[in-house]
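Remember, it's 1-based here, ligands and their atoms both numbered in the order they're listed. Nothing here was measured: the structure is a model prediction, and the numbers come from that model.
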Amino acid sequence: MVSRVIPVDSFDLVVFGGTGDLARRKILPGLYRRFLAGQMTAESRIIGAARADLTEEAYRAMVGEAIDEFVPKDRRDAAVIAEFLARIGYVSIDAKGSAGWDVLRDKMRPNVVRAFYFSVAPALFGDIAERLHSNQIADAWSRIVVEKPFGRDLASAKALNAVLASHFNEGQIYRIDHYLGKETVQNLMAVRFANILFEPLWKSEYIDHVQITVAETVDVSGRGAYYDKSGAMRDMVQNHMMQLLCLIAMEPPYHFDPDAVRDEKLKVIRALEPVKPEDIVRGQYLGAKGEAGYVQHSENPASRTESYIALKVNIANWRWKGTPFYLRTGKKMRARASEIAITFKEPPHSIFDDAKGWKENVLVIRLQPNEGMELMMMIKEPGPGGMRLMQVPLDMAFADALGVEAEDVPDAYERLIMDVIRGNQTLFMRGDEVEAAWAWTDPIIQGWEARGERPQSYDAGSSGPEDALMLMHRDGRRWREIKE
Ligand code: NAD
């Protein structure tokens, strides 16, 4: 099946930080892929804006190299790349200065969608927003896209929201959480709200617990100094994992409409109970076989920042009272795997003698690798010899089921940028959501800072600290194995 491609309106997209890592790895290759797919109109333009003093030719060459490096060979078509590059411009601009802004203004065309992607450090958001206004580059229909991290606590997130709000209204601000652009994450909503099957069971009466795992094999080398100021709680839990939790836990919105969806997510965040210190395990990876460990990578021998965190989260509302959500994420883990696992309760009564063979039904939503879903079901073990039970997965890898190659499933950034152009904010975080998430996160971080807690060590390539296992074992549960 070939996925439908609906062209978006013509646009001028300015990428501030257009020479940076994110632009080179994700934004520009993603735009090329949308162009290749026929989604970008021929009139659309992309304008890189960064500090470097580059000619437009030199910038196009840089974009061409990024495509060579980050788009698979069989998706690179020399003629299409040349056409794509012809739509690219560049302006040398200093976010904090005055040079370059008039050049940018002259490049913008009337009667097309104007979008400004702030792929720069958040400290520059205010400067850019202010100059877009004072130079009359942004109008009431323009959109701005802002990257994470959106603050490092409630106070800084509020300050950032206030700066943006002084130049743009909420309907113009697209706060990216690229997890929301993942195919499977959106499928979570389709599975829940387009099928009658799960929704009646989607509550504490039938669901024993939920596990959300985001395990990475990478370490923090190269960005250790940055990461050391953040840690797993700020880098992953406050945003990505919180969003996943919301999509699982939220009530059905009245319509698949940006504010209706975000209102329901917000209610979940507000219903999160404070997390008790004994329900949190923090870890830091050790070096293995002569490799550097976290403290070497962070260049801070006294670092107390966590590269791993596991926590038990309770939601205080009618639907979820009594069903814990266990979250864990870490660097340098044994495998790169992200999944949500929803474990159902046991049937009220077993008619079979083979009680030992019984295992829980688990709905697993795999975000990576190999996006898809799996429903663990009990069946009869084949053959004679009585009624013995066994568990098998009903497995649906999306790429197989839909007949598309994994490489053709649009990357999260591609989808999200096209949503910006369409003016659809459903998959972007609203300011109040971000603030509510920090309001829940802040006391947790302040608690371990006040207690002077050090994270526990864990071996590189393991499943995390021992105590994380205990977090589940003491509740009579166990983590799912982390495997690719
Ligand atoms: P980077 O350091 O690689 O690039 C920064 C860009 O900003 C460069 O193009 C640079 O020229 C430009 N810049 C810096 N100071 C400027 C100024 N005064 N005026 C104009 N331009 C200026 O950073 P990055 O990794 O591309 O990250 C950009 C943003 O995206 C950051 O907010 C980061 O937190 C966020 N982010 C990055 C990634 C990633 O994978 N790289 C992932 C998620 C979020």
Heavy-atom count check: over 12 atoms from other residues, nucleotides or ligands less than 6.0 Å from Arg336 CZ?
no

List the steps and the verdict of side chain to side chain donor-acceptor pair (under 3.5 Å) for Gln425 and Arg262.
CA-CA 9 Å; Gln425 291 185 305; Arg262 297 184 300 176; 3.3 Å; yes

Just to confirm my output: which protein heavy-atom neighbour is closest to atom 20 (C) of ligand 1, and how far is it?
Ile93 O, 3.3 Å

For atom 34 (O) of ligand 1, the closest protein heavy atom turns out to be Lys148 O, 3.0 Å

Distance under 4.0 Å to a non-hydrogen atom of Pro122: what atoms of ligand 1 satisfy this?
32 (O)

Quick one: does ligand 1 sit under 4.0 Å from the side chain of Leu124, the backbone, both or neither, non-hydrogen atoms only?
side chain

Take a 6.0 Å sphere around CD of Glu449 and say whether it holds more than 12 heavy atoms from other residues, nucleotides or ligands.
yes

Atoms of ligand 1 less than 4.0 Å from Pro149 heavy atoms?
34 (O)

Shortest non-hydrogen contact from Arg131 to Gly97?
NE-O, 2.8 Å

Would you mind running through ligand 1 and noting each atom that sits below 4.0 Å from a heavy atom of Asp94?
17 (C), 18 (N), 19 (N)

Just checking, Arg175 and Phe428: is the charged tip under 6.0 Å from the six-membered ring centre and within 45° of the axis?
no

Right, does atom 2 (O) of ligand 1 have protein non-hydrogen atoms nearer than 4.0 Å?
no

Less than 6.0 angstrom from the centroid, inside 45 degrees of the normal: does Arg282 satisfy that with respect to the ring of Trp448?
yes

Got the closest protein heavy atom to atom 28 (C) of ligand 1, with its distance?
Ser119 O, 3.2 Å

Aromatic plane relationship, Tyr285 with His297 - under 30° parallel, 30 to 60° tilted, over 60° perpendicular:
tilted

What residue and atom, counting heavy atoms only, is the protein's closest point to atom 31 (C) of ligand 1, and at what distance?
Val120 O, 3.4 Å

What's the verdict on side chain to side chain donor-acceptor pair (under 3.5 Å) for Glu306 and Tyr294, showing C-alpha distance, side-chain angles and the deciding distance?
CA-CA 9 Å; Glu306 74 286 354; Tyr294 179 82; over 6 Å; no

Atom 23 (O) of ligand 1: which protein heavy atom is closest, and how many Å away?
Asp21 N, 4.4 Å

Nearest non-hydrogen contact to atom 17 (C) of ligand 1 from the set Glu147, Arg223, Arg51 belongs to Arg51

Would you say Ala50 has any N or O atom under 3.5 Å from an N or O of ligand 1, going by distance alone?
no

From Asp177, Leu22, Val91, Val146 - option closest to atom 38 (C) of ligand 1 by heavy atom:
Leu22

Is a donor from one side chain sitting under 3.5 angstrom from an acceptor on the other, for Asp219 and Ser221?
yes

Steps toward side chain to side chain donor-acceptor pair (under 3.5 Å) verdict (Thr184, Asn187)
CA-CA 5 Å; Thr184 335; Asn187 245 315; over 6 Å; no

Polar-atom distance check: Ala95 versus ligand 1, any N or O pair below 3.5 Å?
yes

Is the NZ or CZ atom of Lys148 positioned over Phe150's six-membered ring, under 6.0 angstrom from the centre and within 45° of the axis?
no

Please state whether Ala52 comes within less than 4.0 angstrom of ligand 1, counting heavy atoms only.
no

Give me the nearest non-hydrogen protein atom to atom 40 (O) of ligand 1 as residue plus atom name, then the distance to 0.1 Å.
Arg25 NH2, 2.4 Å

Among all protein heavy atoms, pick the one closest to atom 8 (C) of ligand 1 and tell me residue, atom and distance.
Thr19 OG1, 3.6 Å

Nearest-neighbour protein heavy atom for atom 6 (C) of ligand 1, which is reported as residue plus atom name and distance:
Gly17 CA, 3.5 Å

